[in-house]
Amino acid sequence: MVLDNGRGTGDFGNIRRVAMISVHTSPFATPGGKDAGGLNVYVRELSRQLGRRGIAVDVFTRRVAADMPDVVPVGDNVRIVYITAGPVAPLPKDDLFPYLGAFASEMALFGLRDGVSYDVIHSHYYLSGWVAHLLGRYWAAPVVQMFHTLGALKKDAARAVGAHDGHESRQRIEIERRLIGEVDAIVAANARERAEMTWWYGQHTPKIHDIPCGIDLDLFQPGDRAAARAALGFDAAPVLLFVGRIDPVKGLEFLLDGYAALRATWTDGSPPRLVIVGGDLTPAGLGDDLARIHAQAAAKGIADGITFAGSQPHERLPEYYNAADLVVVPSRYESFGLVAVEGMACGTPVVASRVGGLPYTVEDGINGFLMPYGAVDQLAAASAHVLRDPALWAHLSAGAITTAQRFGWEQVTERILALYRTVVAQRLAPVGGEIAVYAGD
Ligand code: UDP
């Protein structure tokens with residue numbers, strides 16, 4: 001079927017140009033800081049994958065420094081477009097809402113100046129969702145939204161462990177509710193996230209599609225473990241690895257308690273070492289967030305067993321995963337949990353909290369072990385079990401490699417593209433006419 005979609009005549013399934021919106025954090029920022037993690041990696045990789053397939057992708061993000069140019073090409077068919085909205089300086093994401101209208105109108109002006117329009121708007125996090133919602137009307141383009149985290153779930157996860165959440169404003173939850181109602185499609189990382197949207201936001205809608213996050217299986221592969229350990233200067237002690245943003249939702253307190261319990265019961269020679277990748281290192285030593293973790297570890301008498309590696313470029317992580325004996329994901333909440341799958345792709349078993357999306361990737365006794373968030377003794381016991389039993393380790397490692405193959409970018413990009421085609425077709429279909437049926441889920 002061929003329709004005129006106002007952007008030239010073409011097959012209605014033909015996606016030529018996508019506007020990717022990530023207002024609060026640049027997809028090209030180094031992950032592992034406070035506000036750069038899975039969302040950044042996802043947007044960058046998906047944009048590259050689409051670009052390689054010949055689809056033009058403009059990634060819109062907020063200008064936070066005066067020396068940022070307007071447009072930077074970043075690979076095949078992908079450009080990053082810096083938009084001035086609000087002060088040209090880093091701002092906490094909770095302060096950005098008042099500038100979203102300006103962001104949307106600057107994006108519209110960019111489209112006019114550059115003479116481009118977009119077949120699909122794909123927005124990430126609720127702030128970008130709001131911009132997409134404003135622009136979707138102006139451009140008459142369908143909006144695909146990914147929340148990455150939902151305010152209501154983060155708040156609930158914090159409340160469940162008696163923590164102060166502090167951040168999740170009612171305004172955020174209200175905007176998320178409106179977006180769920182109004183955008184053309186929502187990508188949930190798994191069936192649980194879809195069900196949670198229905199439960200917490202009281203909206204049952206067929207427009208929520210579960211499409212998992214992707215990982216780069218060319219980058220994350222099993223490698224020479226001894227060489228990786230030597231390159232990173234690790235000695236013979238077993239290594240537990242944490243990789244992630246230094247954020248309360250990542251459960252580092254739980255990890256410190258679990259690590260202390262593991263050391264207290266360890267009788268097999270040198271005690272395991274805990275390596276923490278993520279957070280800022282400064283010339284003077286540890287940045288504020290890591291210094292706080294270090295002080296907590298010192299108070300528990302375990303600081304000497306912890307290596308703080310700071311944020312690492314994504315491309316360096318395979319070496320860390322290959323050097324580790326276990327990847328630990330102690331989070332209070334994870335929408336998907338890329339780190340668990342990256343570790344598995346390198347053949348390293350995973351010990352993780354049974355929260356959010358982690359049970360969709362980590363399977364007890366297959367590629368690792370799951371435990372309730374905060375179950376300190378279970379974390380210690382499961383880790384000791386895997387570290388002490390080479391046959392179990394080998395079994396979990398093989399299972400981990402198999403699991404990770406389900407999450408390659410090839411499959412994930414095809415499913416995202418199928419969804420783009422569906423939302424375009426739905427917008428273009430005459431009322432009462434036939435529409436293409438998305439068969440991806
Ligand atoms: N990451 C990285 N370098 C670091 C720390 C993290 O490249 O120093 C990447 C990591 O490889 C993963 C992402 O940041 O791809 C974190 O994603 P995840 O889904 O685990 O957590 P999120 O940040 O979404 O909460």
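Hydrogens, waters and symmetry mates are skipped; everything else that's a heavy atom, side chains included, is used. Read the numbers this way: they start at 1 and go in the same order the structure lists the ligands and their atoms. If you read the sequence from its start, that first residue is 1, and numbering goes on from there. Given the structure is predicted, the values throughout are model-derived calculations rather than measurements.
- The distance from ligand 1 to the heavy atoms of S311 drops below 4.0 Å at these ligand atoms: 8 (O).
- Note on ring orientation: taking the six-membered ring where Trp is involved, the planes of F110 and F60 are perpendicular (angle over 60°, cut-offs 30° and 60°).
- Taking the six-membered ring where tryptophan is involved, the planes of Y125 and H24 are tilted, since the angle between them lies from 30° to 60°.
- In summary, the side chains of T307 and R273 do present a donor paired with an acceptor at a separation below 3.5 Å, with no hydrogens or angles considered.
- At a 4.0 Å heavy-atom cut-off, ligand 1 touches V243 through the side chain alone.
- Residue H148 does not touch ligand 1, judged by heavy-atom distances below 4.0 Å.
- When non-hydrogen atoms are compared, ligand 1 lies under 4.0 Å from the side chain of V41 (C-beta onward) but not from its backbone.
- Looking at ligand 1, you won't find any N or O of F220 less than 3.5 Å from one of its N or O atoms.
- Contact analysis puts K250 in contact with ligand 1, with a non-hydrogen atom separation below 4.0 angstrom.
- Using a 30° and 60° split on the angle between ring planes, Y420 and H122 fall in the perpendicular class, above 60°.
- T25 and R62 form no side-chain donor-acceptor contact under 3.5 Å, judged by distance and modelled atom types alone.
- For ligand 1, the polar-atom distance check against Q312 finds a nitrogen or oxygen pair separated by under 3.5 Å.
- Separation of the Y321 and F220 ring centroids falls under the 6.0 Å cut-off.
- Only the side chain of R245 comes within 4.0 Å of ligand 1, counting heavy atoms alone; its backbone N, CA, C and O stay farther away.
- Here side chain to side chain donor-acceptor pair (under 3.5 Å) pairs that include residues 396-411, with residues two or more places apart or in two chains, are R53-E410, N367-T403.
- Remark: ligand 1 and G244 share no N or O pair separated by less than 3.5 Å (distance only, no angle test).
- Residue contacts with ligand 1, taken as heavy atom pairs separated by less than 4.0 Å, do not involve T149 at all.
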